[in-house]
Structures are given as structure tokens and as C-alpha cells.
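Just so we're clear, the structure is a prediction, and the values are computed from it rather than from any experiment. Sequence lines set the chain letters: A, B, ... in the order given, protein chains first and strands last, and positions in each chain run from 1.
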Amino acid sequence: MKRSRIAWAIASKDLRIELRSRIVANQILPFAAVIMVLFAFALDSDSVLQRVAPGLVWMATLFSMIVLVQRSYAIETEDGAFDLLRLSGLDPIGVFWGKTLALVVQLLLLEILLVATAILLYNTTVSGAWIGGIGFLGSGWVLLVTTLITATFGLAAVGTLYGGLAAGFSGRETLLPLLVLPVVSPVVIGATRAMESAFGTAGAVVSEGWSWTGLLLVFAVAFGVGGSLAYGPLIEE
Amino acid sequence: MLGVLAIIATAWLVAFGLGFSPADRDQEESVRILYVHVPTIWVAYVAFILTAVASGTYLFSKKHSLGFDRFAGASAELGVLFVGLTLIVGALWGRLTWGVFWQWDARLTTTALLFVTYIGYLAVRRLGGDPHQRARRSAVMGLLSVLLIPLVHWSVRLWRSLHQDATVLRPDGQVKMDGLMLFSLFVGVVAFSLIYAWLVIHRTRVLWMEDHESEYGLEAAVEQRRAEALETPSSNSTGGKTDG
Amino acid sequence: MEPTIECVDVVAVMGGFPVLAGASLRADAGEILLLQGPNGAGKTSLLRVVAGLLPVHRGEARVMGIDLVAEPRRARTHVGMLGHANGLYGDLTVTENVGFWGSTVGATAAEIEAAISRMGLAERLADVPARKLSAGQKRRTALACLIARRAGVWLLDEPHSGLDAVGRDELDAVLRQAAAAGATIVISSHELDRGTKLADRVLTVRGGMCL
């Protein structure tokens with residue numbers, strides 16, 4: 001199918017560029033890790049850090065995500081490729097999903113790093129055994145992975161949509177955080193609560209977390225569909 | 001005409017809100033703030049819904065009339081203004097009644113996010129470009145922004161309901177209202193609706209004039225440009241040849 | 001035969017100023033058309049209208065018989081415009097750049113290879129990252145991308161600028177070849193000499209009109 005072919009072409013191109021330039025690995029991931037260390041300095045208490053670790057993970061994800069989205073479009077605007085991309089009659093839904101999928105992969109890497117940092121530096125633990133023990137859905141790990149995936153799709157869709165809008169206007173990159181951050185607030189709320197359940201923060205239990213992944217899923221679907229429809233009109237000018 | 005009505009209604013609201021209506025038993029005089037607080041948020045929601053309706057009409061109608069786009073923009077500007085008023089006035093009321101300016105209550109949080117979202121919408125409107133490009137872009141943003149309202153509201157409500165540790169909050173429904181207070185509130189709604197209607201009409205008109213100012217100049221500019229195209233060769237090259 | 005580009009009395013506006021004041025233009029497949037005229041005459045604006053970067057305010061514009069106002073997306077698939085930017089991804093090689101554009105339309109590996117060799121980029125250049133190419137090689141890689149995505153109408157804004165003498169000759173050679181293969185090529189230039197040697201037809205643009 002033509003649409004999936006375009007999406008695949010764009011996603012693999014974006015990831016190949018990142019593999020080669022290593023900007024994400026050498027600059028953005030360390031940036032995210034630095035944020036986590038700075039949080040520890042600012043809050044200066046093991047028990048507080050442990051209590052707020054899920055929130056910090058998602059705040060660091062958001063800040064880094066803004067940089068990731070800007071990088072995702074910087075490779076397009078560097079030599080005017082974005083003009084070709086939006087004015088070559090390519091199916092915009094395909095372009096949208098291509099950019100979104102590449103962002104999903106990068107965001108997931110980022111989140112895995114941040115969760116690992118939280119476990120190492122903030123002394124948090126994931127409740128429940130790997131799989132089994134208390135049963136499949138009772139495992140904090142299963143909840144954690146589900147949360148990461150559903151939250152990431154929502155974030156990536158929003159980032160791709162508004163990043164494309166801002167990238168069409170050079171010198172207006174500062175618009176991106178203003179547009180993205182209020183929109184993703186449901187993800188912050190949902191993903192933080194779900195992660196609190198997965199970590200067992202402040203006595204939260206795993207079963208509570210599953211209702212939040214429902215919210216994350218609805219958000220991802222809403223902006224997956226909304227973004228597919230809105231991307232074309234927003235970037236093709 | 002509408003302006004005069006708006007002024008009369010405002011005077012009426014001042015008379016009832018500050019004069020005739022009684023002070024509340026619990027909230028005392030601070031209850032009078034609600035005569036501004038409640039109508040402004042009501043009008044703001046109406047303004048945002050009208051923005052979305054106008055955006056949709058622009059996008060899906062055959063004619064793609066720019067009038068709907070200008071109305072959507074004017075309405076969103078006023079919506080942001082009124083939400084801003086609601087938040088300021090609400091914070092003052094909260095300080096007097098709850099002792100704090102801000103509560104992480106579902107309704108408050110949703111309102112604050114709504115405020116920021118529409119500031120973003122207005123920023124996108126100002127990105128410039130051809131009027132139709134602006135209109136299409138803004139219309140899509142206007143529709144995306146209303147899509148967000150239920151999502152944000154749902155998530156924030158879920159968040160607050162699971163965290164019962166917050167200070168117990170008196171829902172607005174529990175405020176005891178006597179007849180005169182309810183009437184004053186009604187006057188407030190009428191007054192602010194009239195103010196909204198009056199301002200939105202004039203703002204739309206100003207936006208129309210801004211768009212047409214360039215249109216009027218355009219015909220003359222096109223003619224001038226054509227003349228430039230046809231004159232230059234005759235005065236330079238052709239003229240030079242005949243002289244020589 | 002139907003012209004591949006047809007503009008009738010096009011008015012286009014930028015920031016309230018009529019950059020085009022009723023420009024008309026037609027171009028056929030296999031021809032190289034030169035738009036010549038002073039800076040600010042509207043050469044670039046005319047190219048931008050055909051590329052879909054600048055909306056048609058009034059008048060008609062068609063590419064391959066497809067109306068630019070009514071069906072912009074379908075019209076754009078046939079058009080490729082290059083300004084001073086080449087639209088290349090600096091970290092990808094020539095083959096990967098051309099291959100990317102080819103893959104968006106489902107071009108075969110043979111097609112992509114042919115596009116690269118037609119632009120004289122085969123052998124040692126094919127695996128060089130685009131960032132490391134010379135200005136002329138970058139320009140030709142960008143043209144190879146147009147071939148790979150099967151765009152038959154090429155709009156080249158000052159294609160010779162920034163190239164040395166060798167680069168210019170190489171570019172001219174591949175453009176002639178592409179036109180012979182059926183592409184419609186419109187180039188704009190303020191250097192009349194350079195362009196006229198290459199072009200089949202010269203059109204003077206002045207005051208937002210084609211004379």
C-alpha cells in the first residue's frame with residue numbers, strides 16, 4: 001500500500017540519519033540524564049525522590065521530547081528537504097506516521113534510559129515479579145511496559161503534528177513548547193499515575209494503574225486519528 | 001445599539017451585584033465576586049464553542065468564506081480574555097473563601113489548561129501568510145483545541161477523584177442562593193453576553209478591515225506593476241533605438 | 001500536444017504586494033525554458049506558484065493539465081523545485097538520498113541506479129555522504145532525486161549560482177540530457193549568457209509579467 005510505503009520510507013530514513021549522526025545518543029539522552037541528576041540536587045531527599053520519581057521521569061521525558069521533536073524537523077529543514085516533503089504531493093497521512101514512528105522509537109529509548117536512571121539514582125523499584133508470581137496483569141513490569149508504549153504513541157503523535165506546524169515557519173520554533181505542553185497534560189497525569197502504580201509509590205497498587213493506561217490509550221487514538229487528519233492541512237501551505 | 005444595551009446591562013449588574021443582592025451567610029460580601037466569575041466562564045465556553053463551529057464551517061463549507069475565520073479569531077480572543085478574567089476573579093474569591101488563591105480542583109485545572117491552549121491557538125493565528133492559509137491552519141487548530149477540552153477535563157477529574165487527600169471543596173451547587181442572588185447572577189450572564197456580542201462584532205469588523213486594507217491597495221498595485229512591466233523596455237531599450 | 005505547464009494571467013500576492021501581476025506562461029515536454037529578467041521581476045515567484053509554494057490569487061495555473069487550485073496535491077507529484085537549497089539529507093549517501101525519494105513512489109533499485117548514473121554520480125560518488133559533496137554534485141544529486149520520484153517538471157531557480165565552471169558545464173550537460181528524455185525544465189537566471197546557451201526558448205519577466 002502506498003501510504004504505509006511512504007511511512008516506512010520516512011521512518012527508516014529518520015532512524016538511519018539518527019544512527020549515523022548520533023545527535024540523539026550523544027546529546028539528547030545525556031541531556032535527559034542530566035535533568036534527572038539535577039532533580040536529585042533540587043529535591044535533596046531520598047524519600048521525596050522516591051515518592052515523586054514517576055513524575056520526574058515524565059517531566060524529563062517531556063523536556064527531552066521537545067528537543068527530540070525539534071531535532072526530528074531540523075534534519076528536514078537543514079537543506080530545505082521539508083519543503084520537498086510537504087510539496088511533493090506525498091500522502092500527508094503517510095508522512096505523519098513515518099515521522100511519528102521514528103519519534104516513537106527514539107522516545108522509547110529515552111524513557112527506558114530515564115526509568116533505569118530512576119531505579120539507579122532514586123532507589124525506586126518495580127513492584128511484582130517479572131511475569132508470573134502474582135499473575136500476568138498483577139506484574140508491575142507488564143503495567144510499566146504498557147504505560148510506556150501507550151503514552152509514547154500519544155506523545156509522538158502530538159509532537160509530530162505541532163512540530164510540523166512550527167517547522168513550516170523558520171524562526172518560530174519557540175512556538176513548539178507552548179503548543180505541545182498543554183496538549184500533553186493528560187498524558188502526564190495518566191502516565192505518572194500508572195507509573196506510580198507500577199513502582200508501588202506511596203502504597204499504590206498495580207491494579208489501580210490499569211485504568212490510567214485506558215486514558216493513555218484514548219489519548220493516543222484521539223491524536224493518532226486527529227493528527228492524521230490535521231497534518232496535511234497544517235503543513236501543506 | 002448593542003453597545004448601549006451592554007452598558008445598561010452592566011450598570012444593572014453593578015446595581016444588583018453590589019447593591020440590591022444580599023451578602024451570603026457563609027461567604028459574606030465575597031459572594032458578589034461570583035456575579036462576575038460565573039458569567040465570564042460561561043461566556044468564555046460559549047466563545048470557544050463558537051470558535052469551533054465557525055472553524056468547522058470555514059473548513060467544510062464549499063465557499064470557504066473568510067468571514068467565518070475572522071469570527072473564529074475574534075471569538076477566541078474574547079474567550080481568552082474572559083477566561084483570564086475568570087481565573088483572576090476566581091483566585092480572589094478563592095483567597096477570601098478558601099484562604100488560598102488556587103486549588104487543584106478539576107474545574108480550575110481544566111480552565112487553566114484551556115486558557116493556555118487558546119493562547120497557543122492565537123499564536124498560531126499570528127503566524128502570517130495568505131489569509132486562506134491562515135484560515136485553514138487556524139480552523140484545524142480550533143477543532144483540535146475543542147477535541148482537547150473533554151480529554152483534559154476527563155483526565156483531570158479522574159486525577160482529582162482518585163486523590164481524595166485535597167482540602168474538601170464546596171461544589172458550586174451547594175452554595176445557598178436566594179432569589180435575588182440568582183437574579184443578580186442572571187443579570188451578570190445577560191450583561192457579559194451582551195458585552196461579548198458587542199465586542200465580537202466589532203473585533204470581526206476590525207479584522208475584516210485589516211484583510212481588506214491590503215485588498216484595496218492591491219488593485220492599484222497590480223496596475224502599477226503591470227505599467228512597470230510595459231514601460232521600462234520602451235523607455236530604455238526601444239526608446240534608445242529610436243533616438244539613435 | 002498539451003503543454004505541461006500552463007499559466008494564464010496569474011496574480012500572486014506576498015505580504016500585500018503583487019509579486020505577479022498577470023503572468024502567463026506555457027512550457028512543453030522536452031523543452032528548456034529560461035526565465036530572464038532583473039531581480040525582483042517575479043521570476044522566482046512564478047516558479048513558486050507552479051511549485052505550489054505560493055497560492056494563485058487570481059488566474060489559472062495547470063501542470064500536466066491538472067488544475068493547481070483545485071487539485072494541488074495531484075499536481076505537485078509531477079513538480080520538483082530547487083532553489084538555493086537542494087533538499088538533501090547531509091548524513092545520507094547519494095544512493096540513500098535518491099533511494100529515499102524513489103521509495104516514496106515505489107521505484108525499483110534499477111530505476112534508482114539509473115537516476116544516479118544519468119546525473120553522472122555513479123561509481124565512487126554513490127556512497128559518499130551528501131554533506132561531503134561539492135556544490136555541483138549536490139545539485140545533480142537533487143536532480144537525481146527528482147528523477148527517482150518521477151517528477152517530470154523541473155523548476156530550477158538560479159541553478160548555476162555557486163557552481164564553478166566545471167560544475168556549470170556538467171549541470172548543463174545533464175539538463176540537456178534530461179530534457180531530451182522528456183522532462184520540462186524551467187530555469188531562472190539573471191545571467192543571460194549562461195542561460196541562453198542552454199535554453200531552447202527565453203522569456204523575459206518584468207514587473208510581475210511575462211513579456
Side-chain angles (χ1 to χ4, degrees), chain A residues 55 92 151 154 157-158 161-162 164-172 174-194 196-197 202 204-205 208-209 211-212 214-223 225-237, chain B residues 52 55-56 58-60 64 69 80 83 104 106 108-165:
Chain A
V158 171
L161 180 64
Y162 292 117
L165 172 67
F169 299 86
S170 53
R172 296 298 176 92
T174 43
L175 192 58
L176 186 66
L178 172 65
L179 294 180
V180 166
L181 295 181
V183 172
V184 296
S185 49
V187 177
V188 178
I189 295 174
T192 309
R193 297 291 94 74
E196 279 173 358
S197 296
V205 293
E208 269 175 18
S211 61
W212 290 107
L215 169 71
L216 295 175
L217 189 65
V218 170
F219 185 92
V221 170
F223 272 88
V225 174
S228 301
L229 298 176
Y231 195 62
L234 283 185
I235 63 162
E236 275 175 11
E237 302 246 321
Chain B
S55 301
Y58 171 81
L59 218 52
F60 298 114
H64 294 302
D69 169 62
V80 167
V83 173
W104 290 102
L108 258 67
T109 313
T110 309
T111 309
L113 280 168
L114 198 65
F115 184 58
V116 190
T117 307
Y118 276 90
I119 287 178
Y121 168 82
L122 292 180
V124 168
R125 285 194 70 86
R126 278 192 293 270
L127 280 175
D130 174 82
H132 278 285
Q133 291 177 339
R134 179 200 67 199
R136 196 154 67 124
R137 192 197 314 130
S138 315
V140 171
M141 283 294 292
L143 291 178
L144 280 174
S145 303
V146 285
L147 166 76
L148 198 65
I149 296 177
L151 270 175
V152 166
H153 190 73
W154 179 37
S155 63
V156 173
R157 240 194 31 217
L158 214 57
W159 170 42
R160 283 335 314 185
S161 66
L162 284 185
H163 280 236
Q164 288 292 346
D165 51 359

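The candidate with the highest count of non-hydrogen atom pairs below 4.5 Å against chain A, out of B:V116, B:L143, B:T109, B:I119, is B:V116. If you tally non-hydrogen atom pairs under 4.5 Å between each of B:T117, B:L127, B:V140 and chain A, the highest count goes to B:L127.
With sequence neighbours excluded, the residues that form a ring-ring contact (aromatic ring centres under 6.0 Å, His included) with B:H64 are B:Y58.
A:L179 touches chain B through its side chain: at least one heavy atom from C-beta onward sits under 4.5 Å away, while N, CA, C and O do not. Proximity to chain B (any heavy atom under 4.5 Å) is restricted, for A:L161, to the side chain, taken from C-beta onward. Both the backbone and the side chain of B:V152 come within contact range of chain A, each with at least one heavy atom under 4.5 Å from a heavy atom of that chain. Only the side chain of B:L148 has a heavy atom closer than 4.5 Å to any heavy atom of chain A.
Atoms OH and CG, on B:Y121 and B:L144 in that order, are 11.5 Å from each other to the nearest 0.5 Å. Atom CZ of A:R193 is separated from atom CG of B:L158 by 10.5 Å, given to the nearest 0.5 angstrom. Taking CG from B:L151 and CG from B:L113, the interatomic distance works out to 12.0 Å, rounded to the nearest 0.5 Å.
Listed by first then second residue, pairs satisfying salt bridge (Lys or Arg N to Asp or Glu O under 4.0 Å) with a partner in residues 112-127 of chain B read B:D69-B:R125, not counting sequence neighbours.
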